[in-house]
Participant: 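Before we start, here is the structure in question, set down as structure tokens.
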Amino acid sequence: MSALIRERRVIADRWVFAGTSAELPAQGDVLVPLALWSAERDGLALRPGRIGVLLGPADDPAALVHDLPQLALVAVDFPQATDGRGYSTARLLRERYGYTGELRAVGDVGRDQLFNLARVGFDAFALRDGEDVAGALAAFADFSEAYQASVERPQPLFRRRTNGASSAIAARNRRSSLAALPHEFNFRRPDPIG
Amino acid sequence: MYHYDEIDQRIVNERVRQFRDQTRRHLAGALSADDFRPLRLQNGLYLQRHAPMLRVAIPYGLLSSRQLRRLAGIARRYDRGYAHFSTRQNVQFNWPELAAVPEILAELAEVQMHAIQTSGNCVRNVTTDHFAGIAPDEIVDSFVCCEIVRQWSTLHPEFAHLPRKFKIAITGAALDRAATFVHDIGLQAVRADDGAVGFRVIVGGGLGRTPIVGHVIREFLPWRDLLTYLDAILRVYNRHGRRDNKYKARIKILVKERTPEKFAQEVEAEWAHLRGGPATLTDAEVERIGSRFTRPAYLRLPADDAALAAAVAAEPPFAAWVRRNVHAHKVPGYAAVSISLKKTGVPPGDVTAGQMDAIAGLADRYSFGELRVSHEQNLILADVRRRDLHGLWLALRPLGLATPNIGLLSNIIACPGGDFCALANAKSIPVAEAIQARFDDLDYLHDIGELDLNISGCMNSCGHHHVGHIGILGVDKNGEEWYQITIGGHQGATRDGAQAAIGKVIGPSFARAEIPDVVERLVDCYLAHRDSEHERFVDTVGRIGVEPFKRAAYGPRAHDAASPRRAGMEAVAAARLAGPRANSGVPGIEVVQ
């Protein structure tokens with residue numbers, strides 16, 4: 001039985017996956033593939049219980065743009081941990097399409113992927129079978145900082161750090177001829193000839 | 001030299017801790033070989049023919065003497081007393097134990113080094129001009145751009161599992177010494193008519209199995225938009241690059257299949273969303289990065305040095321070294337010096353721990369404690385006073401590091417090849433050695449002039465054979481090692497103005513023992529056809545085409561075997577090629593076959 005981590009805690013998974021309309025349970029929360037959602041959107045929306053959509057690695061999240069307010073779960077499948085398309089899918093859902101509901105990574109999801117998955121906007125992780133749950137929970141602390149802008153830290157490190165430790169450098173920079181930028185700007189390091 | 005701040009250091013330390021735990025879990029059986037593989041590759045660790053190979057990043061090829069001493073210490077303690085500088089300006093250890101790798105990484109972290117993303121399907125070490133910051137033709141200091149890109153690419157959460165590896169090269173100078181047209185992304189600094197600085201963006205070049213010269217998809221990208229534009233390119237590639245076939249997974253295939261125009265449109269459409277976003281660079285950030293680089297405290301010196309001129313006039317061997325291994329510097333009275341790692345009989349790019357320590361000492365004494373690694377697998381002391389050149393040369397000679405062959409035929413680029421690499425179809429190092437042995441007459445080499453000869457042991461092309469003026473590719477034919485020859489490839493502009501070209505195959509491949517002969521016939525053909533001493537081999541190929549060279553290479557094989565020089569060399573070459581190599585050329589190092 002694989003474990004589900006949400007908001008850094010192990011929780012019970014109440015969602016049922018239905019690959020075809022024949023597999024749909026009468027009620028309860030159900031996760032369906034994008035193709036089934038696209039084909040039977042209206043009927044699915046009427047049934048009792050919440051709806052989630054499963055995106056494959058090649059699925060374009062833009063297909064869900066208008067449906068996201070109706071969805072309580074978007075799951076992104078990682079058939080192999082090394083198939084990195086889902087990382088872009090997650091950022092697009094969060095940053096471009098404004099999705100705020102549960103975003104779950106499913107498939108070949110192990111502890112060594114969790115840190116990056118969390119950074120691109122996943123907040124739920126269905127661990128693959130046999131994964132050490134305690135180790136997985138610890139993985140969110142693998143790194144204490146990150147350079148890039150991401151869903152987790154919308155500002156890149158360089159926009160966050162200028163207020164803190166680098167204030168001396170910032171002060172020095174203010175003294176330099178910033179007014180001349182960008183035309184005179186040269187990517188030059190200080191050049192202490194003399 | 002860029003100096004880490006507290007956060008840079010913390011991220012590297014945390015990567016060591018993470019990898020230590022991954023290695024521990026693997027050795028304890030909790031992480032399968034298949035699951036461990038991408039994790040160790042992201043940290044530069046291959047399982048090779050004889051032992052693991054650890055590739056350590058030298059970001060944009062810039063290295064301090066302290067770091068070089070640490071590499072020497074690692075070579076002694078964890079390896080067999082030597083290391084190999086690669087064409088990606090990195091350094092490789094061929095014999096570490098897997099269990100010791102976390103310790104090696106911890107030792108590297110102490111001197112602000114790491115192995116992050118030196119392999120795997122992620123953004124690799126960004127490379128640049130080995131004369132960055134000192135070249136007279138410089139537009140921007142590409143080291144600063146490179147460090148910005150290094151930080152952006154380090155542990156980028158979205159692009160850690162790309163379809164395939166991804167290599168970025170940046171040049172800040174007018175002359176492209178960074179091979180930007182044969183990288184996944186090439187960035188060339190340009191200055192617009194109004195003085196604004198930006199980048200020409202080249203995408204989809206590459207060597208390997210399908211060599212392609214890259215396409216310019218944007219003539220001018222304002223510098224502030226550098227990272228958002230890189231994000232856009234990488235996102236299009238991450239989402240749409242092929243993952244069904246690893247040989248068609250590089251971005252060059254996507255660009256080709258989409259066409260460069262359509263690909264550029266997709267990037268621009270993606271960028272429209274990212275442009276102006278949080279990753280847009282700021283003046284303060286560029287200045288902050290720039291201010292974390294130490295820069296040599298140059299003295300005001302006269303441009304010319306009378307003692308140097310006298311020594312050049314008096315000592316022809318010194319004059320030959322100055323002519324080939326000393327390069328122009330934008331500061332009067334200074335010069336850059338190439339330390340050739342291409343002495344005949346030594347595998348290209350290999351240095352012993354003793355040599356590394358000695359070079360570190362010379363860097364401290366003569367060049368502000370800094371070095372660079374060139375993609376030609378040599379080391380460079382970038383800031384040497386011209387008046388010190390003679391003393392430096394005297395110090396390099398007994399170390400076997402003063403071979404005056406930069407730009408010449410014997411400055412061979414070669415991958416480690418079948419002696420070490422599990423991927424190779426054929427050996428590279430003995431071929432390089434046999435060619436160097438054949439062309440050991442320095443006067444003759446200087447007369448031939450500039451000639452890039454590159455050797456790859458398989459079509460992964462780590463030896464960049466496609467862009468060698470003469471390229472040699474090891475191929476497997478029914479379990480035997482054969483070698484295919486290309487000519488006319490180049491990187492950097494040629495006389496006809498071409499920025500880069502992929503060499504043309506001259507015909508069926510040759511046996512290993514034939515290679516020195518074939519190279520000599522190609523060179524003879526060039527010498528017979530060149531219009532002057534100023535026309536280089538590659539320019540002659542461009543002017544007269546491949547055919548005359550083909551005829552020369554495959555013509556009557558009854559060459560002048562009676563020539564004493566040639567007969568002598570052939571005996572040496574035959575002895576070298578017969579059977580297993582007993583000596584790697586590195587003192588004290590036996591190569592296990």
Side-chain angles (χ1 to χ4, degrees), chain A residues 57-58 60 80-85 87-92 95-96 110 112-113 115-120 132 135 139 142-150 152 154-159 161-162 165-166 169-170 172-174 176 178 181-194, chain B residues 5-7 10-11 14-15 17-18 22 25 30-31 35 38-39 121 133 140-145 151-152 154-162 172 189 194-197 222-224 227 235 238-239 243 273 277-279 281-288 290-293 295 297-298 300 331:
Chain A
D60 187 350
Q80 294 99 32
T82 51
D83 186 334
R85 287 175 285 186
Y87 293 85
S88 291
T89 303
R91 285 192 79 171
L92 289 169
E95 294 175 338
R96 190 160 306 163
D112 294 295
Q113 286 76 50
F115 185 82
N116 279 349
L117 289 169
R119 287 182 66 200
V120 296
D132 167 28
D142 275 357
F143 294 92
S144 57
E145 251 308 350
Y147 290 110
Q148 306 79 6
S150 65
E152 196 177 42
Q155 297 292 314
L157 178 59
F158 69 78
R159 285 183 187 271
R161 89 205 299 176
T162 44
S166 305
I169 288 170
R172 193 162 72 231
N173 285 345
R174 274 196 293 280
S176 66
L178 280 179
L181 294 171
H183 285 200
E184 294 302 310
F185 189 59
N186 224 0
F187 279 107
R188 285 262 159 78
R189 292 171 281 155
D191 200 355
I193 291 187
Chain B
D5 72 359
E6 181 272 326
I7 298 175
R10 198 185 338 140
I11 288 171
E14 288 170 350
R15 181 68 180 109
R17 190 184 65 183
Q18 183 191 44
Q22 289 167 344
R25 281 186 279 135
L31 188 62
D35 285 338
L39 304 178
N121 295 334
V140 304
D141 182 339
S142 57
F143 281 154
V144 177
C145 318
Q151 296 191 9
W152 162 84
T154 297
L155 307 174
H156 196 302
E158 186 177 348
F159 306 130
H161 301 288
L162 296 168
D194 65 357
V197 168
W223 63 267
R224 287 168 206 278
L227 301 185
R235 182 172 286 171
N238 188 41
R239 296 185 67 202
R243 291 174 185 265
H273 295 283
L281 280 170
T282 60
D283 304 339
E285 172 62 359
V286 176
E287 293 221 7
R288 188 190 71 82
S291 72
R292 296 206 68 83
F293 277 89
R295 179 135 180 105
Y298 296 115
R300 288 196 190 281
V331 177

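Protein chains get the first letters and strands the later ones, always in sequence-line order, with residue 1 at the start of each.
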Participant: Which region of B/R15, side chain (C-beta onward) or backbone (N, CA, C, O), has a non-hydrogen atom less than 4.5 Å from a non-hydrogen atom of chain A, or is it both or neither?
Facilitator: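 Backbone plus side chain of B/R15, per the 4.5 Å heavy-atom cut-off to chain A.
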
Participant: Is a side-chain donor or acceptor of B/R239 paired with a backbone partner of A/T89 at a separation under 3.5 angstrom?
Facilitator: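 A pair under 3.5 Å: no.
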
Participant: About how many Å separate CD1 of B/I7 and CZ of A/F158, when rounded to the nearest 0.5 Å?
Facilitator: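 It comes to 13.5 Å.
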
Participant: For B/L39, which atoms come within 4.5 Å of any heavy atom of chain A: side chain, backbone, both, or neither?
Facilitator: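 Contact with chain A: side chain only.
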
Participant: Working note: B/T282 + A/R159, criterion side chain to side chain donor-acceptor pair (under 3.5 Å); need CA distance, chi angles, decisive distance, verdict.
Facilitator: CA-CA 8 Å; B/T282 60; A/R159 285 183 187 271; 5.9 Å; no

Participant: Do you know which two heavy atoms are closest between A/P156 and B/A279, and how far apart they sit?
Facilitator: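 Between these two residues, the closest heavy atoms are CG-CA, 4.2 Å.
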
Participant: Kindly indicate whether the side chain of A/S88, heavy atoms from C-beta on, has any atom under 4.5 Å from the side chain of B/F159.
Facilitator: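 With C-beta onward as the side chain, the pair touches.
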
Participant: Can you tell me how far CD of B/E158 sits from CZ of A/R119, rounded to the nearest 0.5 angstrom?
Facilitator: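 These two atoms lie 10.5 Å from each other.
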
Participant: Need one label for A/D132: side chain, backbone, both or neither, based on atoms under 4.5 Å from any heavy atom in chain B.
Facilitator: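 When you check distances to chain B, no heavy atom of A/D132 falls under 4.5 Å.
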
Participant: Which atoms of A/T82 come close to chain B, meaning under 4.5 Å heavy atom to heavy atom: side chain ones, backbone ones, both, or neither?
Facilitator: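 Both parts, backbone and side chain.
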
Participant: What is the distance from atom OH of A/Y147 to atom CG of B/L155, rounded to the nearest 0.5 Å?
Facilitator: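 Rounded to the nearest 0.5 Å, the OH-CG separation comes to 8.5 Å.
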
Participant: With only heavy atoms counted, which part of A/L117 is less than 4.5 Å from chain B, the side chain, the backbone, both or neither?
Facilitator: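 Interface part for A/L117: neither.
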
Participant: Relative to chain A, which segment of B/E6 carries a heavy atom at a distance below 4.5 Å: side chain, backbone, both, or neither?
Facilitator: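 Neither part.
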
Participant: Within the distance-only criterion (no hydrogens, no angle test), does the side chain of A/Q155 pair as donor or acceptor with the backbone N or O of B/P278 below 3.5 angstrom?
Facilitator: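 Between the backbone of B/P278 and the side chain of A/Q155 there is no qualifying donor-acceptor contact (under 3.5 Å).
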
Participant: What's the separation between atom CD in A/E145 and atom CZ in B/R10, rounded to the nearest 0.5 Å?
Facilitator: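 Separation between the atoms: 6.0 Å.
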
Participant: For A/S144 and B/E14: C-alpha separation, side-chain torsions, deciding distance, then whether side chain to side chain donor-acceptor pair (under 3.5 Å) applies.
Facilitator: CA-CA 8 Å; A/S144 57; B/E14 288 170 350; 2.6 Å; yes

Participant: Quick one: does any side-chain atom of B/N238 pair with a main-chain N or O of A/G84 as donor and acceptor, under 3.5 Å?
Facilitator: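 Yes: the side chain of B/N238 pairs with the backbone of A/G84.
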
Participant: So do the side chains of A/Q80 and B/H161 get within less than 4.5 Å of each other, counting heavy atoms only?
Facilitator: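 No, side chains not in contact.
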
Participant: Please report the shortest heavy-atom distance between A/N116 and B/H156, naming the atom on each side.
Facilitator: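 Heavy-atom minimum between the residues: ND2-O, 4.4 Å.
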
Participant: Hey, what do you get for CG (A/D112) to CG (B/L31), rounding to the nearest 0.5 Å?
Facilitator: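 Interatomic distance, A/D112 CG to B/L31 CG, rounded to 0.5 Å: 6.0 Å.
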
Participant: State, to 0.1 Å, how close A/V120 and B/P157 come at their nearest heavy-atom pair, and which atoms those are.
Facilitator: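 So the minimum-distance heavy-atom pair works out to CG1-CB, 3.9 Å.
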
Participant: With no hydrogens and no angle check, is any side-chain donor or acceptor of B/Q151 less than 3.5 Å from a backbone partner on A/L157?
Facilitator: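 Pair absent, no side-chain N/O of B/Q151 close to backbone of A/L157.
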
Participant: Just verifying a value: how many Å separate A/R161 CZ and B/R288 CZ, rounded to the nearest 0.5 Å?
Facilitator: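 Interatomic distance, A/R161 CZ to B/R288 CZ, rounded to 0.5 Å: 3.5 Å.
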
